[in-house]
Structure formats: structure tokens, C-alpha cells
Amino acid sequence: MARSDEAASFFIAVYNAVQEIPEGKVTSYGHIAKLIGTQKLIRKAAQRPRQVGICLKHLSHDPGARHNSGNVPWQRVINSKGMISPRSQPSGARNQAAALRAEGVTVSTDALGELSVDFAEYGWFPDSLPSEEASEEQEWVSGSESE
DNA sequence: GGATTGACGACAT
DNA sequence: AATGTCGCCAATC
């Protein structure tokens, strides 16, 4: 099992999780990492929020790719403080804000020009992926499901 | 192929 | 409350 395979799995898991974020909702990089962490497949996933950002950064713009900027709602992922990461290129963050506003999310701008979203209103933080059981190998044992 | 960077986050000062 | 430090590890010098 090469580490590169594990890395690839991580990318897939991230894109898969991000696609679960409902339109008009947002979550954090850290939460995506945590959700992936519930799946044993990937090592220390819950401790790698940065890698989640890397995944989105490298999200393909090729419409033909399995996961691309068109079918993965990357804009719904912001940092744990509820703010769109300023990062290197301001236009990128602004573009993200525009994409969120387009789907009904209110993005506030403070005096410093930092963009933020109210988690209380738009946050999406489930304990696990809604379709986690449906899409994965689904090899857990049935019998002890307690609601 | 070693060193730095970074769409982050938790904890320590 | 506001910085600083460290862990994580793929990508990029």
C-alpha cells in the first residue's frame, strides 16, 4: 500500500464529503477532516485540515474530471472561525464569497475586508456523512444499531 | 531530493 | 484578546 494511494484516497474522500454539503450551507476545513476521520481508511484524517485545503486548491477545472470545480461545492468550505481564508489572492476569496451569496448565503465584510459567514445561520456540522453508509463498502456488522 | 509553503486548527504564551 | 508555536503532509520551489 503506497502512501500515494492513501493520499489519493484522502483527496477522493474530501471531494466526496464536500459534495454532501447542502446548497446554502457552509462548513469548515476541520470539520470535513473530522468527517473523513470517521472512516478508518485514512490515517489521522481528522488531524489534517490543511490537506483539505490543498485538495480544494488542486481541484481540477476540467469538466471531464470526476471531481472538478463545477461539481464539488468548494465554496461551502471555510475556516473554523467562520471566515473565508484571506490567503494569497484576495480575488479568490472574493470569488468564493460571490459564489456563496449566489446560493443565498449572507457573507459579511468587516472593516479589514475580511469575509465571514454566520455558522449559527448557515453552518452544517453533522457527526457523520449522511450517505456514508450508502456509498462506502458498507461492511460494518448489522445487529447492534441503537438508533 | 532536501527545504519551504500553505484554501487549517488546537493549544500555549 | 491577540499573537506565537507546533503538528500535519502534499505541492512546490
Side-chain angles (χ1 to χ4, degrees), chain A residues 1-140:
Chain A
M1 209 57 125
R3 291 175 282 300
S4 52
D5 289 335
E6 187 178 294
S9 298
F10 184 83
F11 269 66
I12 301 301
V14 168
Y15 296 146
N16 194 38
V18 172
Q19 289 179 318
E20 296 296 327
I21 307 173
E23 185 178 317
K25 293 290 183 180
V26 298
T27 192
S28 68
Y29 297 99
H31 193 75
I32 292 296
K34 187 179 299 183
L35 289 177
I36 294 172
T38 63
Q39 304 176 14
K40 350 282 192 193
L41 204 55
I42 301 162
R43 164 199 324 202
K44 298 179 181 171
Q47 304 171 205
R48 309 193 267 172
R50 300 191 84 155
Q51 265 30 306
V52 173
I54 291 176
C55 291
L56 299 183
K57 176 181 174 185
H58 288 273
L59 189 53
S60 175
H61 287 64
D62 174 20
R66 174 152 92 146
H67 298 291
N68 59 68
S69 54
N71 62 26
V72 177
W74 58 273
Q75 70 273 21
R76 296 176 197 154
V77 186
I78 59 183
N79 68 29
S80 67
K81 307 179 203 87
M83 309 196 308
I84 295 174
S85 299
R87 86 181 183 255
S88 43
Q89 197 170 107
S91 56
R94 237 184 47 76
N95 180 34
Q96 182 170 3
L100 287 173
R101 284 168 174 146
E103 46 185 72
V105 176
T106 297
V107 180
S108 314
T109 308
D110 68 11
L112 301 174
E114 294 179 287
L115 304 160
S116 63
V117 175
D118 181 10
F119 277 150
E121 187 68 31
Y122 304 102
W124 183 79
F125 299 96
D127 288 339
S128 61
L129 293 168
S131 55
E132 180 176 302
E133 53 250 50
S135 68
E136 274 303 323
E137 302 300 318
Q138 186 181 352
E139 56 182 325
W140 71 51

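Residue numbering restarts at 1 for every chain, and letters A, B, ... go by the order of the sequence lines.
When the P atom of C:dT12 is taken as reference, atom CZ of A:Arg87 falls 15 Å away, rounded to whole Å. Rounded to an integer number of Å, the gap from A:Lys44 NZ to C:dA10 P is 12 Å. Between the CD atom of A:Glu114 and the P atom of C:dA2 there is a distance of 11 Å, rounded to whole Å.
Within the 4.5 Å cutoff, the side chain of A:Leu100 has heavy atoms near those of the A:Arg76 side chain.
For A:Arg50, the listed nucleotide lying nearest its side chain is C:dG7; candidates were C:dG7, C:dA11, C:dC9.
For the pair A:Arg48 and A:Lys57, both in contact range of DNA chain C, the more 5′-proximal nearest nucleotide belongs to A:Arg48. Between A:Trp74 and A:Lys34, the residue whose closest nucleotide on DNA chain B is further toward the 5' end is A:Trp74. Ranked by how close their nearest DNA chain C nucleotide is to the 5' end, A:Gln47 and A:Phe11 are led by A:Gln47.
Between A:Leu115 and A:Ala97, the closest heavy-atom pair is CD1-CB, 3.7 Å.
A:Arg50 forms no cation-pi arrangement with A:Tyr29, by the criterion of a distance under 6.0 Å to the ring centre and an angle within 45° of the ring axis.
In summary, contact between chain A and DNA chain B, defined as any nucleotide atom under 4.0 Å from a heavy atom of the protein, begins and ends at B:dG6 to B:dG9 in the 5' to 3' direction.
Taken from CD in A:Gln51 to NZ in A:Lys57, the straight-line distance is 10.5 Å, to the nearest 0.5 Å.
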Tell me which donor-acceptor pairs under 3.5 Å the side chains of residues 59-67 of chain A have, and how far apart each pair is, sequence neighbours excluded?
residue : atom : partner : partner atom : Å
A:Ser60 : OG   : A:Asp62 : N            : 2.9
A:His61 : ND1  : A:Leu59 : O            : 3.2
A:Asp62 : OD1  : A:Gly64 : N            : 3.1

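Taking the charged nitrogens against the carboxylate oxygens, A:Glu103 and A:Lys25 have no contact shorter than 4.0 Å, which rules out a salt bridge.
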